[in-house]
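See structure below.
Just so it is clear, the values below take in all heavy atoms, side chains as well, and ignore hydrogens, waters and symmetry mates.
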Amino acid sequence: MSELENRKAAREARVTAASRTDRHSTAELAESAMRRYFAEEAYRERDDRERHAREHQDV
């Protein structure tokens, strides 16, 4: 597993554990999931842009 996958799995485990103890409402869990999704998308886009830029520099 990559570092990013490990961090994602750890976050999801914390959210799941918190939901089992009723410390977070359904709305809070939904918001957290949306934030994770958009953060992951932003990370992927940034990573793709950086990879694309490196490929063009090497040419």
Applying side-chain contact (heavy atoms from CB on, under 4.5 Å), name anything that partners E40, two or more places apart in sequence or on another chain.
-> K8, R11, R36, R44

Sole candidate of R49, H56, R54 that passes side-chain hydrogen bond (donor to acceptor under 3.5 Å, both in side chains) when paired with H52 = H56

Name all pairs fulfilling the ring-ring contact (aromatic ring centres under 6.0 Å, His included) condition that reach into residues 32-51, sequence neighbours left out, sorted by first residue then second.
-> none

Does R51 have any salt bridge (charged side-chain N to carboxylate O under 4.0 Å, His left out) partners at least two apart in sequence or in another chain, and if so, which?
-> D47, D48

Residues forming a side chain to side chain donor-acceptor pair (under 3.5 Å) with R35, sequence neighbours excluded = E31

